[in-house]
Amino acid sequence: MRRSIFVSVLSVAALGLGLHPADAEPPPGPALPQAAVEGVAAAFGITADQARAQLTAQDDAHRVAGRLPASLRAQSAGQWFDAASGKLTLAVTTAAAADAARASGAEAKLVTRSQADLDRTDDAVRALVGTGVPGVFGWGIDVRDNVVGVSVDRSRKTAATDSFLYRAKELGVRITETTSSPQQQSGTIQTGNPWWPGGESNCSVGFPVTDSAGAKHFLTAGHCTNDRDQAAYGASGQQNRIGTSNVGGTHSVNAREGDMGVVAVTEAGWNLSAAVNTWGEPAITLTGQAEAMVGDRVCHSGNTSHWKCGEVKYTHKSVDYGGGLIIEDLTWTTACSLGGDSGGGWLLGSKATGLHDGGPSKCVENPSDGDMSIFQPVGEALTKWQLKLVTGGGEDDTTAPTAPGNPRSTGTTANSVSLAWDAATDNVGVTGYDVYNGATLATSSAGTSATVTGLNPDTAYTFTIKARDAAGNVSPASSAVSARTQTGGGGTRTLSNGTDYQIRDYQQIFSPITSTLTGQAASQLTVAVTITHTCAEDLGITLLDPKGKGYPLKYSGGATCTAWTGARTFTVPNASSPAGGRWQLRVTDYGPGDTGVLDSWSVTL
């Protein structure tokens, strides 16, 4: 599962968080974008002063979230902005964690399911969905209700849907049925303006960006940039060319990874503007990038619905648009959107937060899951293609972030060192961190942790960390942190279980391996699985780490059955797990009338 790890650090003045936003006078602080104030007031039927108070409290909640201790984040089962109290709220499973949350300036809600519990259930639902189930269009974690939810369009249900729902209910998920489902919408470089891919219908401009060489581009939806090296125009009828989308076929994604794409601005006369088109409201100047949380008031600009605002209802929720198109880890909101808005920019105050992905065919009051608007978190696109957001009218902000605090080693293997640190602050926003091994750049991270790999066994290393902002300003180095890698065979550590497990129809088996190793596992895991089975397409296989985190290795699904005989090897990239503890291989049979056995499996940590 993709998990966004961007930390938003917002520069706002402190305010009395105990005040109800509807009753409080707006506290002093940075000026809020008037378009956001008016848009939120219209979306929620409140006064401009009440909207201003909510947005100010929301900024403060993000500041509190950015400063939470790592130990408290590890105990949280989710977080959200509560507009009623004006505070960040954390879901926790113990009274001690609740006390720690309150001490950090947040509210706490005691829940029964940990993050690991929710992730296991979410992983099981994704495995059940496979390549798609008729009528099932969304699934993911609802942090406020501490439950995994599945959204179903009852008008598209079949017998296969009923079978899926029967098994999903056994997992304890919440089923929400609707009469509609979302769809991917089609349709100066300024957020919200229209653009035309070739001779197709228009999409909308997301955000202006530059690459490491200073070349101009803009972000938009991946389903608007599917075609390789397609001409992009600023007017219908293939008029007023801007440049080329998806250059080389490597600048567009519209799959499980996300819905995001890049258009290269190559034609003379086109300039990049940090001013967002708010369609009659005062323009908003982009000041940075931030990740939205549940409960946030967000707004988007698109060529069809223009300027619309709403509330974030879910984050990291998957959607199935049909035809085999499943996209994971998207953000769902109550804001109105229409066809032609695709690719347009979503904002959190004056910060870029998302690229419009899809939504309803028409705007409705009090939207159900099937009528919500959906966006792709923008931070993933910036990181994937190493792009820099244009802010402040295109001119640098000249203030560098503060140095990251409290750098520390959180684990070692024979060839890696895992590090963590406290977030830096910036007058606009921190967008990433660079980890140095001595004077050499070792790795980069969007969050407050990283693992440096490729190191030698039994060797001492010294690391420092520097923070970067959207304008490319770099902080002073953190204090140094030293760590020694473990002794042993270069980090290659393979553990196995040779016990046979019978695989039966519609049942799961769990084969354990207990590891006594210390430190972190490798960032890339290798799993070898030997199975004899009459229908490989019926099998879903997941690796579970000692903390219960699931790494899907194989999804079920397929029109015909083929036999599985012998060993297959799977690779898990970007893993983040402790090496020691109980590892498990989970094999789930989703089909009838076949037999098999798990012969053995191994994992290289």
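The first residue of the sequence shown is numbered 1, and numbering continues consecutively from there. Note that these values count all heavy atoms, side chains included, but never hydrogens, waters or copies made by symmetry.
- With a 4.5 Å cut-off on side-chain heavy atoms, Val262 and Leu219 count as touching.
- Every pair tested for ring pair (Phe, Tyr, Trp, His ring centres under 6.0 Å) that includes a residue from residues 38-60 fails, sequence neighbours excluded, so the list is empty.
- Partners of Lys317 according to the salt bridge (charged side-chain N to carboxylate O under 4.0 Å, His left out) rule, which considers only residues two or more places apart in sequence or in another chain, are Asp369.
- Asp59 has its side chain within reach of Leu32: a pair of non-hydrogen atoms, C-beta onward, lies under 4.5 Å apart.
- Under the side-chain hydrogen bond (donor to acceptor under 3.5 Å, both in side chains) criterion, Ser104 pairs with no residue at all, not counting sequence neighbours.
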Open item on the list: With side-chain contact (heavy atoms from CB on, under 4.5 Å) as the criterion, how do Gln54 and Ile46 come out once you've worked through the C-alpha distance, each side chain's angles and the decisive distance to 0.1 Å?
Closed with: CA-CA 10 Å; Gln54 284 190 2; Ile46 57 180; 3.9 Å; yes
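- Distance CG/Leu272 to CZ/Phe218: 9.5 Å, rounded to 0.5 Å.
- Partners of Arg241 by side chain to side chain contact (heavy atoms under 4.5 Å, CB included), not counting sequence neighbours, listed by chain and number: Ala231, Tyr233, Thr244, Glu267.
- The main-chain N or O of Thr402 is never found under 3.5 Å from a side-chain atom of Thr425 such that the two would form a donor-acceptor pair.
- Ring-plane geometry between Trp279 and His306 is classed as parallel, the angle between the planes falling under 30 degrees on a 0 to 90 degree scale with a further cut at 60.
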Task: side-chain contact (heavy atoms from CB on, under 4.5 Å) assessment of Asn437 paired with Thr443 - done: CA-CA 9 Å; Asn437 177 6; Thr443 189; over 6 Å; no
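- No side-chain donor-acceptor contact under 3.5 Å links Ser478 to the backbone of Ala403.
- Using a 4.5 Å heavy-atom cutoff, the side chains of Ser245 and Cys224 are not in contact.
- Residues Leu286 and Pro208 are in side-chain contact: their nearest non-hydrogen atoms beyond the backbone lie under 4.5 Å apart.
- In this structure, the side chain of Tyr321 does not engage the main chain of Ile327 through any donor-acceptor pair within 3.5 Å.
- Nearest heavy atoms, Val247 versus Asp229: CA-OD1, 3.3 Å.
- One distance of note links CH2 of Trp385 with CG of Asp211; it measures 13.5 Å at 0.5 Å rounding.
- Going from atom CG of Asn246 over to atom CG of Asp227 covers 8.0 Å, rounded to the nearest 0.5 Å.
- Thr440 places no side-chain N or O within donor-acceptor distance of the main-chain N or O of Ala442, the cut-off being under 3.5 Å.
- The side-chain hydrogen bond (donor to acceptor under 3.5 Å, both in side chains) search around Ser305 returns Asp341, not counting sequence neighbours.
- Taking CG from Leu382 and CG from Leu389, the interatomic distance works out to 6.0 Å, rounded to the nearest 0.5 Å.
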Open item on the list: Quick one, Ser204 with His356, criterion side-chain contact (heavy atoms from CB on, under 4.5 Å). Give me CA distance, side-chain angles, the key distance, then yes/no.
Closed with: CA-CA 9 Å; Ser204 296; His356 188 70; over 6 Å; no
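- The backbone N or O of Gly258 lies less than 3.5 Å from no partner atom in the side chain of Gln376, so there is not a single donor-acceptor pair.
- With sequence neighbours left out, Ala420 forms a side chain to side chain contact (heavy atoms under 4.5 Å, CB included) with Arg408, Thr410, Ser449.
- Judged by distance alone, with hydrogens and angles left aside, the side-chain atoms of Gln50 form a donor-acceptor pair with the main-chain N or O of Thr47 at under 3.5 Å.
- Under the side chain to side chain contact (heavy atoms under 4.5 Å, CB included) criterion, Ala335 pairs with His300, Thr333, Trp346, sequence neighbours left out.
- Contact of the His62 side chain with the Leu348 side chain is registered, since non-hydrogen atoms from C-beta on lie closer than 4.5 Å.
- Listed for the Ser475 side chain is a donor-acceptor partner under 3.5 Å among the backbone atoms of Ala467.
- A donor and an acceptor atom, one from each side chain of Thr225 and Ser252, are located under 3.5 Å apart.
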- [ ] Could you go through the side-chain contact (heavy atoms from CB on, under 4.5 Å) check for Val64 and Phe81 one step at a time?
- [x] CA-CA 11 Å; Val64 173; Phe81 169 62; over 6 Å; no
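- Put simply, the side chain of Val312 does not reach to within 4.5 Å of the side chain of Trp80, judged on heavy atoms.
- Donor-acceptor pairing under 3.5 Å is lacking for the side chains of Thr331 and Thr315.
- Scored by the salt bridge (charged side-chain N to carboxylate O under 4.0 Å, His left out) test, Glu311 finds Arg144, Arg297 as partners (sequence neighbours excluded).
- Closest approach of Glu107 and Ser85 over heavy atoms only: CG-OG, 4.5 Å.
- Here the straight-line distance linking atom OG1 of Thr210 with atom NZ of Lys216 works out to 11.0 Å at 0.5 Å rounding.
- Legend: residues meeting side chain to side chain contact (heavy atoms under 4.5 Å, CB included) with Cys309, ordered by chain and number and at least two apart, are Val40, Ala43, Cys299, Trp307.
- At least one side-chain heavy atom of Trp139 sits under 4.5 Å from a side-chain heavy atom of Ile326.
- In terms of heavy-atom proximity, Leu355 sits nearest to Gly343 at CD2-O, 4.0 Å.
- The backbone N or O of Asn193 sits nowhere less than 3.5 Å from a side-chain atom of Asn277 that would complete a donor-acceptor pair.
- Nearest heavy atom pair, residue Ile465 against residue Pro407, reads CD1-CB, 3.7 Å.
- Residues His223 and Asp357 form a side-chain contact, since some pair of their non-hydrogen atoms from C-beta on lies under 4.5 Å apart.
- In this view, Gln34 and Glu38 satisfy the side-chain hydrogen bond (donor to acceptor under 3.5 Å, both in side chains) rule, not counting sequence neighbours.
- Proximity of a side-chain donor or acceptor of Gln239 to a complementary backbone N or O of Gly237 within less than 3.5 Å is detected.
- Contacts of Ser350 classified as side-chain hydrogen bond (donor to acceptor under 3.5 Å, both in side chains), with partners at least two apart in sequence or in another chain: Thr287.
- Under the 30°/60° scheme for interplanar angles, the aromatic rings of Trp332 and Tyr314 are found to stand perpendicular.
- Within the structure, the salt bridge (Lys or Arg N to Asp or Glu O under 4.0 Å) test picks out the following pairs touching residues 431-454 (sequence neighbours left out): Asp434-Arg468.
- Annotation: the span from Thr220 atom OG1 to His251 atom NE2 amounts to 14.5 Å, rounded to 0.5 Å.
- For the residue pair Met293 and Ala61, the shortest heavy atom distance occurs at CE-O, 4.3 Å.
- A donor-acceptor pair is defined here as one N or O able to donate and one able to accept, closer than 3.5 Å; no such pair exists between the side chain of Asp296 and the backbone of Gln58.
- Heavy atoms only, all atoms of each residue included: Gln79 and Leu90 are closest at CB-CD1, 4.1 Å.
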